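Predicted, not measured: the structure shown is a model, and the values here were computed from it. Values below: every heavy atom of this structure, side chains too, minus hydrogens, waters and symmetry copies.
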Amino acid sequence: MILGMAENNADRLDEARQLIAAALDLVVAADETLAAAELEQALDTVIRRGDELRFSSSSSHRRPSATQ
């Protein structure tokens, strides 16, 4: 079930990435420099989080630890 949640979250992050990228295109076209910089930062954060989520879900074959 956790793997399914990770894929679902990865899909949501990918959708968020697409929406932010589209908004960034509109803001750049409107020459709104500050808003563009903030959207670029948001896009970068979403991309990094998506990469982390994909990496953590692909390494699900780890050995259990003593604390689990």
**Request:** Please report the closest heavy-atom contact between Leu53 and Ala10, naming both atoms and the distance.
**Result:**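 Taking Leu53 first and Ala10 second, the nearest heavy atoms are CD2-N, 3.2 Å.
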**Asked** How far apart are the closest heavy atoms of Val27 and Ala36, and which atoms are they?
**Response**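 Shortest heavy-atom contact: CG1-N, 3.3 Å.
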Separation between [atom1] of [X] and [atom2] of [Y], rounded to the nearest 0.5 Å:
X	Y	atom1	atom2	result
Arg17	Leu24	CZ	CG	12.0 Å
Arg48	Leu13	CZ	CG	12.0 Å
Arg49	Asn9	CZ	CG	7.5 Å
Leu39	Asp44	CG	CG	12.5 Å
Gln18	Leu43	CD	CG	10.5 Å

**Request:** Could you walk me through whether Glu15 and Arg12 pass the salt bridge (Lys or Arg N to Asp or Glu O under 4.0 Å) test, one step at a time?
**Result:** CA-CA 5 Å; Glu15 182 179 358; Arg12 288 181 181 143; over 6 Å; no
**Message:** Please tell me whether Ile47 and Val28 are part of a single hydrophobic cluster in this structure, the criterion being side-chain heavy atoms less than 4.5 Å apart.
**Reply:**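 Result: yes, single cluster for both.
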